[in-house]
Amino acid sequence: MGSTPRNKLPIVISGGGIGGLACALALAQRSFSVIVCEQAPQFGQVGAGLQVAPNALSVLDALGVGQEVKQHALLIERMLMMDGIQGTQVSDIPCGADFVARYGNPYAVAHRADVHGALLKACRATGRLIELRTDSRVIDYVQTDSRVMVMFESGEHLHAAALLGADGIRSNIRRKMLDDGDPKAVGAVIYRALVPASAMPHALQMPYPTLWTGPGAHLIYYPVRDWKEFNVGATVVKPVAGVEEGEASAEEAMQAFEGWTDVPMSVLRLSPSYQRYVIRHRDPVENWSDGRVTLLGDAAHPMVQYIAQGAAMAMEDAICLAQEADLHDDDFPSAFRSYQSIRIVRSARVQLSSLMLDRIYHASGVERLVRNSIFVDRTPTEYYDRLDWVFAPPSYVRDWRSRK
Ligand SMILES: Cc1cc2nc3c(=O)[nH]c(=O)nc-3n(C[C@H](O)[C@H](O)[C@H](O)COP(=O)(O)OP(=O)(O)OC[C@H]3O[C@@H](n4cnc5c(N)ncnc54)[C@H](O)[C@@H]3O)c2cc1C
């Protein structure tokens, strides 16, 4: 990466989350100068766990931060799904040597801040190609044939060669570009907490995520931060009109799990309170670019979290976008059209697949029994065959370093 920028005006990225920082790093690795504008007073991610699938680890490897993330993450042995009513195993997908050989990477679970922190550290180490600004809330833009004027809540503005909206599910850039309203509540909430590992019963301290599924709810828990804490997330399907985000009691989180086998309840009791979050998404769209302005990550394709791929998709976007900017020799409108045409089908498939998991995870009655009967007999290879499309890294990720 040369430190002389190829662009006279900077590329502005609105949003310094995982997607925005990954994109800044990828663009800098192709010698573009970038300004990342984050609305918060500091860069960071509020605490919760993150599943980092092999395709996400492949992006982190490509960007040169894979080792750093893996050092603090747990490389899981398996993915285990249990039936919350019967207490029996529904599926067990081994994530050992065969899995790694197939996808080029293991499956990890991490603290969100460890992934974001590794990207931030790499951005800071990049030198003058990446400028990181806080307290910079982008509210609007106007563009001409040759530049974009980016407007801030503070009243300031910046001239940019291009503007990237990495500003999350409530993106201001998307509102200006597509004007398609607020993201839709899907009729479910998630209760999240971090529990000290010392409180977790020894028998439940497993080196992998355990997923309990049942009618109208599911629960997942796994260790983070070098086994110091367990990330606990309980998703409950329920009407959300009038439901506010914020702190909720353990009793509220446990309601949907009454009548289940003992383990889910005993895990939920470990935290006195939870953070309640209303789950939202958007339907896939056919366009998320406007001349020199484009979107990435949750701003472009927000999804329900059931498939645990939102951050992975944001990071894949980042590499693809930087590759197209490089290949189109700074012709940003063409680069962005090409980027979105490469990314839309894959990200939309993940959005739609994630929604479909609602039916699988939350099945009741005979449908639940049918699910169990299908899953229980599948071999690891049969699972791997079905996961290829999402876990195998796309060519632009695989070839990123060799194309430099
Ligand atoms: C409960 C839950 C669990 C999840 N679990 C997983 C998982 O296990 N694995 C996985 O891959 N994904 C998971 N996801 C999805 C993942 O969190 C998101 O897809 C990912 O964080 C998207 O990254 P992003 O950078 O696009 O957006 P964000 O992470 O939302 O970052 C956007 C950034 O932009 C800033 N910003 C917003 N507006 C402005 C503005 N106007 N100006 C400047 N800055 C602005 C914000 O402050 C923020 O820093 C989960 C999501 C949820 C809700």
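Order of appearance sets the numbers: ligands from 1, and atoms from 1 within every ligand.
- A salt bridge is defined here as a Lys NZ or Arg NE, NH1 or NH2 lying under 4.0 Å from an Asp or Glu carboxylate O, and Glu324 with Arg343 fails to meet this definition.
- Remark: ligand 1 atoms within the under-4.0 Å shell around heavy atoms of Gly297 are 26 (O).
- Distances shorter than 4.0 angstrom do not occur between any heavy atom of Ala56 and any atom of ligand 1.
- No hydrogens or angles considered: nothing links the side chains of Asp167 and Gln39 as a donor-acceptor pair under 3.5 Å.
- At a 4.0 Å heavy-atom cut-off, ligand 1 touches Arg137 through backbone and side chain alike.
- Ring centers of Tyr107 and Phe391: under 6.0 Å apart, within the cut-off.
- Paired with Arg282 under the rule salt bridge (charged side-chain N to carboxylate O under 4.0 Å, His left out), one option of Asp182, Asp180, Asp298 passes, and it is Asp180.
- Under a 4.0 angstrom heavy-atom cut-off, Ala299 registers as lying outside contact with ligand 1.
- Cation-pi geometry between Arg378 and Tyr383 is met: under 6.0 angstrom from the ring centre, within 45 degrees of the axis.
- At the top of the distance list for atom 13 (C) of ligand 1, counting protein heavy atoms only, stands Leu50 CD1, 3.8 Å.
- Shown here are the ring-ring contact (aromatic ring centres under 6.0 Å, His included) partners of His281, two or more places apart in sequence or in another chain: there are none.
- Taking each of Gly233, Ala314, Ser354 in turn, the one with a heavy atom nearest to atom 23 (O) of ligand 1 proves to be Ala314.
- Evaluation of the side-chain contact (heavy atoms from CB on, under 4.5 Å) rule for Lys176 yields Asp140, Tyr141, Val142 as partners, not counting sequence neighbours.
- The heavy atom nearest to atom 22 (C) of ligand 1, out of those in Asn55, Asp317, Asp298, Asn231, is found in Asp298.
- At a 3.5 angstrom cut-off on N or O pairs, Gln51 counts as close to ligand 1.
- Every atom of ligand 1 is numbered from 1 in the order shown, and the set under 4.0 Å from a heavy atom of Ser14 is 40 (C), 42 (N), 43 (C).
- Of the listed residues (Glu38, Gln39, His301, His281), the one carrying the non-hydrogen atom nearest atom 39 (C) of ligand 1 is Gln39.
- The contact set between ligand 1 and Ile18, taken as ligand atoms under 4.0 Å from a residue heavy atom, comprises 25 (O).
- A heavy-atom separation below 4.0 Å is found between Ala166 and ligand 1.
- Counting heavy atoms under 4.0 Å from ligand 1, residue Gln309 touches it through the backbone alone.
- Between the choices Ala312, Ala311, Gly17, Gly168, the shortest heavy-atom distance to atom 27 (O) of ligand 1 belongs to Gly168.
- For the residues Arg192, Met315, Arg112, the heavy atom positioned nearest atom 1 (C) of ligand 1 is part of Arg192.
- When Tyr222, Tyr306, Tyr277 are ranked by how near their heavy atoms come to atom 53 (C) of ligand 1, first place goes to Tyr277.
- Below 30°, between 30° and 60°, or above 60°: for His159 and His157 the angle between ring planes is above 60°, a perpendicular geometry.
- Of all the atoms in ligand 1, the ones that sit under 4.0 Å from a non-hydrogen atom of Ser136 are 42 (N), 43 (C).
- Taking OG of Ser289 as the reference point, atom CD1 of Ile344 lies at 7.5 Å (rounded to 0.5 Å).
- Scanning all heavy atoms of the two residues, the minimum distance from Gln71 to Asp226 falls at O-OD1, 4.1 Å.
- Heavy atoms of Ala48 found under 4.0 angstrom from ligand 1: none, in either backbone or side chain.
- Close approach of ligand 1 to Cys37 is summarised as follows: ligand atoms under 4.0 Å from at least one heavy atom of the residue are 43 (C), 44 (N).
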